[in-house]
Amino acid sequence: MNQKVFAPWDDPNQKPLIQFQNVTKKFGTFTAIDDLSLDIYEREFFALLGPSGCGKTTMMRMLAGFETPTSGTIRLSGQDLGQTAPNKRAVNMMFQSYALFPHLSVWENIAFGLKRESTDKDAIAARVEEMLRLTRLGKFAKRKPHQISGGQRQRVALARSLAKSPKLLLLDEPLGALDKKLREETQFELMDIQEKTGTTFVIVTHDQEEAMTVASRVAVMDEGRLVQVATPADIYEAPNSVYVADFIGDVNIIEGNATPNGDRVRIDWAEGQPEIWGTAQKPVASGERISFAIRPEKVTISKEKPEDRRNLLEGEVIDIAYLGNISTFHVKVGNGQIIKAQSANTRRLANRDITWEDRVWLTFTETAGVLLEG
Amino acid sequence: MRRFTLIAVPYLWLLALFLVPFLIVLKISLSDYALSIPPYAPTLDFSAGWQGIKDLMSKLDFENYVFLTEDALYWKAYLSSLKIALISTVLTLLVGYPIAYGMARAAPEWRPTLLMLVILPFWTSFLIRVYAWMGILASEGVLYQFLSFLGIVDEPLKILSTNTAVYIGIVYTYLPFMILPIYAALEKMDDSLIEAAEDLGCSRMSAFWLITIPLSKSGIIAGCFLVFIPTIGEFVIPSLLGGSDTLMIGKVLWEEFFSNRDWPVASAVAIILLLILVIPIVLFQRNQQLQREAEG
Ligand SMILES: Nc1ncnc2c1ncn2[C@@H]1O[C@H](COP(=O)(O)OP(=O)(O)OP(=O)(O)O)[C@@H](O)[C@H]1O
Ligand SMILES: [Mg+2]
């Protein structure tokens, strides 16, 4: 990669495309979005990630204009969207259910939005053809939505929402209905289209892998609040809370009392167990209760006791999850806690030497994990 | 064999309850009026066997049908029935669509109740309900009393015994047939389609015309046929609510049968009516078929 890193959120001169300013949304007494502030920049592929009911769809619907914030403002290119009706916003949405018009052909579905703002038949036809090409739907232009497959329908929905060249495209769980393989293909297609058109995408997803794959930045939400907004790598490597660490990928959480020692921190976590050494990202008070989070793939497992390691735990293999390319070992250490360790399966199954009930050693470096509050 | 029996049952049913009566009426329509019991000739002589049938066939003719074309009363009655049926269908649609739309938009927990309210009148006798309308529409009836209480009218109403009363009666009676299929179509519709239309630049109004109406088309068509088809032959409403100038073929049919006791002519009228109805019925079936295909 020789191009400049795309990171407008780090550039103070950049003007955000979308600004949520202290937005709160209440349904009756229930607070769906709680005093949320967020900037999203042009050309971003922004992912909203969170458990069911955390308010992702509500945020999208506020952007599209189907819901109005109870308080706070939402700006698009600096302009307060306020009460602007959905049909007056330069925002298009790809619905979770696709919401294709069943009585119109694929061609007419894509042309629908264009026909609302222009009567120039040739221009509309040209644009529809372009969209058909982009989403590889040319062959199906004349079919009705019920005559094409789920994946094709999904592409029609995408083409329809892209046709008007919106400033902002909202995708609410666009790939929810697709099987894994088609899903992965489509993710790359989406990224490709996003890059080609330069449109800003905001995507909602349940699937953390999907968010990590497609997004330039990921926002992890919980109960109407943003817990962390960062690049996929930061979210994964440097989660800011146990919640995020736990939500994204697999993680071991070890709770203990901290004792700072230079730029390292000692964690006493269980009676009779060797202490763990970690690296503090920010100052830690002596005796503070903290959580040490470490990803299973950063834990090395071996049958022989390695020499010269500061973080060394002994335990017994109680479970092995074979995933093809990797295996996850569930190891019970002295105080009964289970710690997961992963290793790549470079050798064939029969030649693997670690098996159930083996005594094993777990090691990791002092910088492999992160220290989190609470 | 079992399969054959299964298929045979509905066919036997149709044969006994539709085809045989139809053939009897057809036969009567080709007979001549006679002062006898039954009041037509010839009759089939079963004891004469095959020869009896031959004799019968040789005496049948189309005289009555020719007669229908000669007397202007009949084709005027047909045309007038078609006109009244058409206007009533449009009126019923105009009244029924907003009701169906309102029902489909109502909160889900209210829908069964609303549906109930639409169907409820069917549980009282049709005749009683039409008589009730006579009481309402009479020159000094309930409606008059109500309106004069409000000070809107000061002289007796002239609604009963006019075509207006017939329209009111038909719209009232057939409204559920219009509401139910439209409601069924609207209720199935996904709300997000309207949101998608608005998202793509439609106003509320144009989303209604471009999405809601086309998607309820099959319900509209079904409802229109369900009102139109029985209205053409309607007899009770025009004879109870209509006046002497309300001309409908159902009434003519009744008079031929029971006042003139001219069964052959009455049968001919009925056969022609049936032929007229076959066209919309076939169209209706086709609509249902297309809808099933679109859904399947
Ligand atoms: N119209 C509404 N009236 C009342 N409550 C609502 C309404 N819409 C959403 N909510 C509530 O707001 C919360 C957030 O809903 P939202 O649809 O945004 O969740 P989500 O994050 O999209 O969840 P999912 O991943 O399941 O789609 C939920 O608890 C939901 O019950
Ligand atoms: Mg949602």
Side-chain angles (χ1 to χ4, degrees), chain A residues 57 60-67 84-105 108-119 124 127-128 131 143-147 153 156-166 168-173, chain B residues 93 97 100-101 104-110 181-225 283-296:
Chain A
T57 299
M60 298 288 244
R61 292 176 60 81
M62 286 195 290
L63 278 170
F66 299 127
E67 308 279 0
T84 314
N87 55 340
K88 301 278 189 301
R89 300 185 178 206
V91 174
N92 282 137
M93 180 147 166
M94 179 178 161
F95 287 75
Q96 187 164 0
S97 57
Y98 305 153
L100 297 179
F101 305 127
H103 58 301
L104 300 180
S105 69
E108 289 165 321
N109 261 285
I110 298 174
F112 190 89
L114 299 168
K115 284 186 183 168
R116 304 283 80 77
E117 58 182 16
S118 148
T119 49
I124 292 174
R127 181 70 182 156
V128 173
M131 286 297 119
R143 300 223 197 142
K144 293 272 174 68
H146 69 270
Q147 294 165 325
R153 250 174 259 166
V156 178
L158 181 64
R160 187 181 69 177
S161 49
L162 273 173
K164 291 184 82 174
S165 320
L168 174 64
L169 183 68
L170 305 171
L171 305 126
D172 193 354
E173 301 204 29
Chain B
L93 176 62
Y97 197 96
Y101 186 79
R105 299 255 112 185
E109 64 266 28
W110 276 101
I182 296 178
Y183 169 76
L186 286 174
E187 205 225 20
K188 268 191 304 205
M189 208 178 92
D190 185 358
D191 282 345
S192 65
L193 292 180
I194 298 299
E195 288 187 345
E198 285 184 42
D199 188 62
L200 292 166
C202 275
S203 63
R204 280 271 157 82
M205 202 58 203
S206 57
F208 180 76
W209 284 112
L210 290 167
I211 307 299
T212 311
I213 293 281
L215 286 181
S216 50
K217 197 180 77 191
S218 65
I220 295 175
I221 295 176
C224 285
F225 279 125
L283 288 176
F284 173 66
Q285 295 295 351
R286 237 175 67 100
N287 172 59
Q288 300 295 90
Q289 181 71 28
L290 285 177
Q291 187 195 343
R292 268 195 296 275
E293 274 166 21
E295 279 165 12

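Numbers restart at 1 for each chain; the letters A, B, ... are given by sequence-line order, proteins then strands. The structure displayed is predicted, hence computed values, not measured ones.
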Side-chain heavy-atom pair A/Phe101, B/Leu210 within 4.5 angstrom cut-off: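 Sidechains of B/Leu210 and A/Phe101: no contact.
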
Greatest number of heavy atom pairs closer than 4.5 Å to chain B - which of A/Gly65, A/Pro166, A/Ala99: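 Answer, by heavy-atom pair count under 4.5 Å with chain B: A/Ala99.
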
Top contributor to chain A contacts, counting heavy-atom pairs under 4.5 Å, from B/Cys202, B/Ala197, B/Pro214, B/Ala207: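 It is B/Cys202.
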
Under 3.5 Å, which donor-acceptor pairs link chain B and chain A? Put them in a table for me, please.
unit_1: B/Ser192; atom_1: OG; unit_2: A/Ser97; atom_2: OG; d: 3.3
unit_1: B/Glu195; atom_1: OE1; unit_2: A/Arg61; atom_2: NH1; d: 2.9
unit_1: B/Glu195; atom_1: OE2; unit_2: A/Arg61; atom_2: NH1; d: 3.3
unit_1: B/Glu195; atom_1: OE2; unit_2: A/Arg61; atom_2: NH2; d: 2.8
unit_1: B/Glu198; atom_1: O; unit_2: A/Asn87; atom_2: N; d: 3.4
unit_1: B/Asp199; atom_1: O; unit_2: A/Asn92; atom_2: ND2; d: 2.9
unit_1: B/Asp199; atom_1: OD2; unit_2: A/Asn92; atom_2: ND2; d: 3.4
unit_1: B/Asp199; atom_1: OD2; unit_2: A/Met93; atom_2: N; d: 2.7
unit_1: B/Leu200; atom_1: O; unit_2: A/Lys164; atom_2: NZ; d: 3.0
unit_1: B/Cys202; atom_1: O; unit_2: A/Asn87; atom_2: ND2; d: 3.1
unit_1: B/Leu210; atom_1: O; unit_2: A/His103; atom_2: NE2; d: 3.0

Counterpart residues, side chain to side chain contact (heavy atoms under 4.5 Å, CB included), relative to A/Ala163 (two or more places apart):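 A/Ala163 satisfies side chain to side chain contact (heavy atoms under 4.5 Å, CB included) with A/Ile110, A/Leu114, A/Met131 only.
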
